[in-house]
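Below: one structure, written as structure tokens.
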Amino acid sequence: MKLMILDGNSIVNRAFYGIRLLSTREGVCTNAVYGFIAILGKLLEEEKPDAVCCAFDLKAPTFRHAEYEDYKAGRRPMPDELASQIPLLKETLDAMNIPRYEQEGFEADDIIGTVSRICEAEGWECVIATGDKDSLQLISPRVRVKLVSTRMGQTEERNYDEAAFTEQYGFPPAGMVDLKALMGDPSDHIPGVPGVGEKTAMDLVRRFGSVSRLYEELESPGIKDSVRKKLSEGRDKAEMSYRLATIDRQVPMEFAPADALRREADKKKLGELFRRLEFFKFMDKFGLNETGEGAKGDPDRPAPETAWIADGKALEELTGRLEAAPFISVVCHPGLEAVAIAEENRVSLVAADDLGDEYDRFLGVLFSNRVKKVSHEVKELMGTLPEAGIPAADGFLFDTALAGYLISATSNSYTLDKLAAAYLSESIPTRDAFAAQGAFSALGDREAAGRAMAAWASAAGRLYGVLSGKLKEMGMTELFSTVEMPLCRVLADMERAGFRVDPKRLREFGEMLSSRIGELEEEIYRIAGGPFNLNSPKQLGEVLFERLGLPAMKKTKTGYSTNADVLDKLRESHPVIPMILEYRQFSKLKSTYADGLLKVIGPDGRIHTCFQMTVTATGRLSSTEPNLQNIPVRTDLGSEIRKMFIPAEGQVLVDADYSQIELRLLAHISKDPVMCQAFLTGEDIHRVTASQVFGVSQDEVTHLMRTRAKAVNFGIVYGISDYSLSQDIGVTVAEARHYIRTYLEKYSGVRAYMKEIVERAKHDGYVVTLMNRRRALPELNSKDHNIRSFGERVALNMPIQGTAADIIKLAMVRVHDRLNREGLRARLILQVHDELIVEAPRDEVERVKTLLVEEMEGVMSLSVPLEADAGSGENWYEAKA
DNA sequence: GCGAATTA
DNA sequence: TAATTCGC
């Protein structure tokens, strides 16, 4: 029989320092518990012990403190982020039915020593899992030690039995105590013999076997005089150290190995705990995801009655109820082969195969404005419905993903199963359970898919109650229903419309780039003295800083930095540098833009980006597959790409953008008189800033001053640090700090705002935009100065950037609405944070320009005007005024 | 500062 | 995964 005993404190420590900080969406730190469970799982799998238990230290002083007051005095206190996890870990072990032992006056090691002694006595094999070497002294024919370490989230371990130990140390395990008695252990504050280090101590233990023998034979000629002197002077210390280092194997505790025999975990408790800690991976691993009693948040709630709608009569009844219900929730199979509809306490499954033509008619009613629906990822649903002949789905009350995002904008996913776990304490299948291909084909398992869809529909309906309550408490109901929900339709339409590109010109541009890239490559290899992979920063670094001997200025984690900043400083040092910079620019344009865009042109000759509504922490949208929000504009060559974005035949592109929206919002929010004045009189804000910061009149502002002032404005808006600002404008950190200080002296309203917003954020734990969009800021309470500073910059920046996001989103909803209402054929096709692009029939251009400017400027009335400029043209480059 | 894409 | 570069 085999027992495994874990050194709880030691392993949780390794886990904590070996895994980056993780926390739940409510900010509870979980990395140490997570790591502990991962390690435990691995150990159990490898060792398959018959019994498992865990030993912990207690805070109370031990017999060792009585012996030696400095004992462990030098230990750094446990960080709060770890201390808070210890109770969670103990709760986890309890739920797993793994006994834990702790004893006042003793350390975990003593408990381990005692447990292992009892095991030996009873003929059990004992495996000690720990991160510390202290336990190595316990090794015997029946006792092994597994030394656990974690590196970059990977668990590594070394096994020590008698043979392995003796091979490594050159003496038997018991000598470990003698070794420590001589060399000491700074981490435990065991003094050892002064002047005797590891080398000497190892040698002495190997030769004499033990401290007592050593002192008996102290006069032996084999000991150097200097060492003999140290030993004889340090005898007291050696003896005390010996006692401190010796593990007490006689802790008074009731223990029998059979007490720790493995038992099944308490699935209910463990499931609840893992849900709370958001350990969804472990839930699968521990089999806690089956819909059983243990998985339900509310055991009193009866499972909803689920039925397939198999005939016309049942369908008719359902249809009748839908229009009468205050709301229902809907989940669709991605191919629309089936839908699940949850009412208050029943779920109906409707499959295309069962109903023929009636199914399509049913979908028509279901997705009309007459049926009020809750669903998940409404924009995506709106994107698939046109394929089923429903181009204008309507009547969506609530999107659970969007609500989840507004409630906590910094989570990394808002899948329905995660929302159900977080807000209903309920475990439901993931989307794969029904979204897989072919669930509704002849060979598919439609029952299983139906069950999963029913679970989703039912959860979505209940999430509506919970999440809408939270939105209301947080004051975001209006933002949700006047901005985010309506935006689903706007974005779905924009995605479907797409942006036409000119593939011929794009290809030609790519070919031009290719040939220049080829020339550059050849020339660079010739100068560098041989070919290498230019796209590999690692190889480039080696060539530049080793082969060519250029001075390396910056390093990255893995080697030399070769970014544009670094290379630019080396521009004059070697003729190859400008070529590399040019190569970089060209290959970026070619791979990301020329080739990248060609790959995603649809059969309609247009590019359909996908707007993400739940990604950014500030409330902005993001754009993927492809990202149309980072099409080049800054350089002449890059902006060529914009000439390939064109309108449909007979149409024109209209482009409108906000002028300085973020700085205007800063002026409005901070009420800074100087900044407000600048915007009210229509001055050049960067010039004004330069004149303020450099203390000159506006006509005396030089180009360099304006550029730097612009960077400072930019820095304030994006919340960058003094360090990043110094990098940006190429001055020292001290100088950058000086600019910021002067800036805040001149714009004293901004300084006051900064102070106030940080204080409020600290108090509330979050910041909000003008429309009450929220971002939580746990960073402000960090003990790490860098993290706290980051939190402070976010506190300043998010209300500004987030309000800009609110404003343009509302403008989009209104523009979309007005284009439709006024019967125009013009369509919104793209948003780039402060810019809207509309494709308009030639004869609508002027009306559309006016409409865009009116709606964009009229979103809100602030203490400074919101200004938008519109232009038009035959391509994006031309249209951007 | 953030987010996306490409490349090794 | 890390480094780089594009946009706002």
Side-chain angles (χ1 to χ4, degrees), chain A residues 20 152-154 409-410 412 532-542 554-568 580-597 599-600 609-635 637-639 641-642 657-663 665 710-725 727-728 775 779 786 789-802 804-805 808 830-836 876 880:
Chain A
R20 75 190 164 83
M152 320 272 284
Q154 283 296 304
T410 44
N412 41 27
F532 61 96
N533 191 340
L534 244 179
N535 288 318
S536 160
K538 183 171 174 288
Q539 291 183 39
L540 178 62
E542 280 159 16
K554 227 170 75 182
K555 292 198 121 195
T556 62
K557 277 178 218 158
T558 52
Y560 308 106
S561 172
T562 65
N563 67 29
D565 251 35
V566 172
L567 296 186
D568 210 57
I580 293 169
L581 283 164
E582 197 186 351
Y583 172 88
R584 282 255 174 96
Q585 191 198 350
F586 277 59
S587 70
K588 175 83 183 181
L589 286 175
K590 174 151 171 66
S591 63
T592 306
Y593 300 108
D595 298 351
L597 291 175
K599 266 190 274 185
V600 289
T609 188
C610 190
F611 290 104
Q612 310 295 316
M613 304 180 74
T614 60
V615 170
T616 70
T618 54
R620 278 183 174 181
L621 298 174
S622 81
S623 153
T624 58
E625 286 177 281
N627 182 354
L628 290 188
Q629 293 182 324
N630 72 344
I631 302 302
V633 69
R634 272 183 33 244
T635 64
L637 187 69
S639 57
I641 296 280
R642 295 196 173 214
D657 69 345
Y658 281 111
S659 148
Q660 306 292 356
I661 186 166
E662 275 111 349
L663 286 174
L665 287 168
K710 191 174 169 182
V712 179
N713 276 330
F714 179 87
I716 296 284
V717 163
Y718 286 117
I720 67 175
S721 60
D722 45 13
Y723 171 76
S724 315
L725 178 64
Q727 292 293 301
D728 266 19
R775 168 162 181 184
E779 293 89 351
N786 283 330
S789 301
F790 168 73
E792 287 168 10
R793 293 196 301 273
V794 169
L796 168 71
N797 158 255
M798 185 276 175
I800 297 169
Q801 205 183 110
I808 196 157
L830 193 62
Q831 184 248 50
V832 190
H833 308 309
D834 65 351
E835 172 185 10
L836 295 178
W876 191 359
K880 186 151 173 130

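All chains are named by letter (A, B, ...) in the order of the sequence lines, taking the proteins before the strands, and each is independently numbered beginning at 1. In this text, all values refer to a predicted model and were calculated from it rather than measured experimentally.
- In this structure a side-chain-to-backbone donor-acceptor pair under 3.5 Å is present from A:Q831 to A:H833.
- Screening A:R584, A:K554, A:K538 for a side-chain hydrogen bond (donor to acceptor under 3.5 Å, both in side chains) involving A:T562 leaves a single residue, A:R584.
- Here the side chain of A:E625 pairs no donor or acceptor atom with the backbone of A:C610 at under 3.5 angstrom.
- When heavy atoms are screened at a 4.0 angstrom cut-off, A:T618 is found touching no nucleic acid atom at all.
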Before giving the answer on side chain to side chain contact (heavy atoms under 4.5 Å, CB included), spell out for A:R793 and A:N797 the whole-Å C-alpha distance, their side-chain angles and the decisive distance to 0.1 Å.
-> CA-CA 6 Å; A:R793 293 196 301 273; A:N797 158 255; 5.8 Å; no

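- With A:R642 contributing its side chain and A:I631 its backbone, the two residues share a donor-acceptor pair below 3.5 Å.
- Using a 4.0 Å heavy-atom distance criterion, A:A617 is classed as a sugar-phosphate-only contact.
- Heavy-atom contacts of chain A under 4.0 Å fall on DNA chain B between two terminal nucleotides, which in 5' to 3' order are B:dG1 to B:dA8.
- To the nearest 0.5 angstrom, A:L637 atom CG is 5.0 Å from A:L589 atom CG.
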Letter per nucleotide, 5' to 3', of nucleotides 3-8 of chain C [B base touched, S only sugar-phosphate touched, - untouched; heavy atoms, 4.0 Å] | SSBBSB

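- Distance alone, capped at 3.5 Å, is enough to place a donor-acceptor pair between the A:T609 side chain and the A:T624 backbone.
- Contacts of A:S724 with the nucleic acid, taken as non-hydrogen atoms under 4.0 Å apart, involve only primed sugar atoms and P, OP1 or OP2.
- Partners of A:S587 under the side-chain contact (heavy atoms from CB on, under 4.5 Å) rule, at least two apart in sequence or in another chain, are A:I517, A:N535, A:Y583.
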